[in-house]
Amino acid sequence: MIISHLYTIVEYICWSLVYIRLFDSKVVKKLIISSMVIVITFAVVNILLWQSLEVYNSYSKTVESAFLLCFAIGWFYKVFVDQSIPRLETHPVFWINAAVLIYFSGAFLLFVTNNFLLEIPLIEYFEAWALHGIFIMIHYLFISIGLWLLKHKKELR
């Protein structure tokens, strides 16, 4: 579980750095940096007060998922308003951002209900986590498509 706590922080920092690169607005970049401070602080407070290093850190993962959902929706909003990408399905960032949106929306629901899931029958608990496995497979598939398309593109925006 210690690795899960550390992974949540590192994962959030890495995704935040990606989104800092994707947005042009200085205000949005400052918001993303501020969210990094918030998530890291929350993760540390979570370890100290609620979910120790021996417990699964569903609270921190919920907060991480919520912020990353906001970034993904924000990027889609920016692209749809600007209409800067003529063929969205051929753009690498579309696929990578879709991966974030799909995985972290499913993960958000799972992590929010994690404490409730501990009280249901074991078979249903495993079915919920199997659904998480499907979301993560889609996540990596979409990232792979994005990276494959990135090989053929010169820009990231």
Side-chain angles (χ1 to χ4, degrees), residues 1-23 28-29 31-40 42-43 46-47 51 53 55-82 84-85 87-118 120 122-157:
M1 291 302 158
I2 294 171
I3 293 172
S4 177
H5 285 272
L6 180 62
Y7 179 78
T8 301
I9 294 169
V10 172
E11 178 183 43
Y12 187 76
I13 290 170
C14 290
W15 278 116
S16 294
L17 293 174
V18 168
Y19 279 104
I20 285 173
R21 173 87 168 90
L22 294 178
F23 286 101
V28 174
K29 289 180 184 212
L31 283 172
I32 294 171
I33 292 169
S34 299
S35 75
M36 288 171 67
V37 172
I38 291 168
V39 169
I40 293 168
F42 183 84
N46 183 45
I47 291 168
Q51 296 175 321
L53 292 174
V55 177
Y56 187 72
N57 60 330
S58 62
Y59 299 159
S60 297
K61 289 184 176 287
T62 300
V63 172
E64 171 199 24
S65 297
F67 275 110
L68 289 175
L69 279 173
C70 291
F71 298 162
I73 292 168
W75 186 83
F76 276 124
Y77 177 78
K78 173 188 153 242
V79 168
F80 291 145
V81 168
D82 294 347
S84 56
I85 303 172
R87 293 191 57 215
L88 203 55
E89 75 280 358
T90 64
H91 199 275
V93 178
F94 164 78
W95 290 97
I96 294 169
N97 194 58
V100 171
L101 186 65
I102 290 171
Y103 171 71
F104 285 103
S105 61
F108 176 77
L109 293 174
L110 183 65
F111 299 142
V112 162
T113 60
N114 187 55
N115 291 337
F116 167 75
L117 291 175
L118 294 173
I120 64 174
L122 196 57
I123 189 72
E124 292 172 8
Y125 179 78
F126 287 133
E127 288 172 353
W129 280 99
L131 188 60
H132 178 263
I134 292 169
F135 281 126
I136 205 155
M137 286 189 291
I138 293 169
H139 176 73
Y140 288 125
L141 174 67
F142 281 15
I143 288 175
S144 299
I145 292 170
L147 292 176
W148 180 71
L149 288 171
L150 186 63
K151 186 172 88 173
H152 305 293
K153 297 281 183 178
K154 300 288 185 215
E155 31 95 6
L156 253 181
R157 293 182 204 195

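These numbers come from the heavy atoms of this one structure, side chains and all, not from hydrogens, waters or symmetry mates. We're numbering straight along the sequence, starting at 1.
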Is the count of non-hydrogen atoms from other residues, nucleotides or ligands lying under 6.0 Å from Leu118 atom CG greater than 12?
yes

Point-to-point distance, once rounded to the nearest 0.5 Å, from CE of Met1 to CG of Leu53:
11.0 Å

Start with the C-alpha gap between Phe67 and Met36, add the side-chain angles, then the distance that decides, and say whether side-chain contact (heavy atoms from CB on, under 4.5 Å) holds.
CA-CA 9 Å; Phe67 275 110; Met36 288 171 67; over 6 Å; no

To the nearest 0.5 Å, atom CZ of Phe142 lies from atom CD1 of Ile96 at 12.0 Å

If we only count heavy atoms from C-beta on, is the Tyr103 to Ile136 side-chain gap below 4.5 Å?
yes

d(Tyr125 OH, Ile120 CD1) to nearest 0.5 Å is 9.0 Å

For a 4.5 angstrom cut-off between non-hydrogen side-chain atoms, does Leu117 reach Leu110?
yes

Let me confirm one number: the OH-SG distance from Tyr7 to Cys14, rounded to the nearest 0.5 Å.
8.5 Å

Taking all heavy atoms of Leu69 and all of Leu101, pick out the closest pair and write down the distance.
CD2-O, 3.6 Å

side-chain contact (heavy atoms from CB on, under 4.5 Å) between Tyr59 and Asn115, intermediate numbers included:
CA-CA 10 Å; Tyr59 299 159; Asn115 291 337; 3.1 Å; yes

Give the intermediate values and the outcome of side-chain contact (heavy atoms from CB on, under 4.5 Å) for residues Asn114 and Thr62.
CA-CA 10 Å; Asn114 187 55; Thr62 300; over 6 Å; no

Roughly how far, to the nearest 0.5 Å, is the CG atom of Leu68 from the OG atom of Ser16?
6.0 Å

Say whether Asn46 and Gln51, considering side chains only, have a donor N or O and an acceptor N or O under 3.5 Å apart.
yes

Would you confirm whether Trp75, through its side chain, and Phe23, through its main-chain N or O, come within 3.5 Å as a donor-acceptor pair?
no

Is the CH2 atom of Trp129 crowded by more than 12 outside heavy atoms at less than 6.0 Å?
yes

So, do Phe104 and Phe111 sit near enough that their side-chain heavy atoms are less than 4.5 Å apart?
no

Quick check against the 3.5 Å criterion: does His139 have a side-chain atom that pairs as donor or acceptor with the backbone of Gly133?
no

Is any side-chain heavy atom of Trp15 closer than 4.5 Å to one of Ile32?
no

Could you check, using the six-membered ring where one of them is a Trp, whether Phe76 and Phe94 have ring centers closer than 6.0 angstrom?
yes

Stepwise side chain to side chain donor-acceptor pair (under 3.5 Å) check, Ser35 with Tyr12
CA-CA 10 Å; Ser35 75; Tyr12 187 76; 2.7 Å; yes

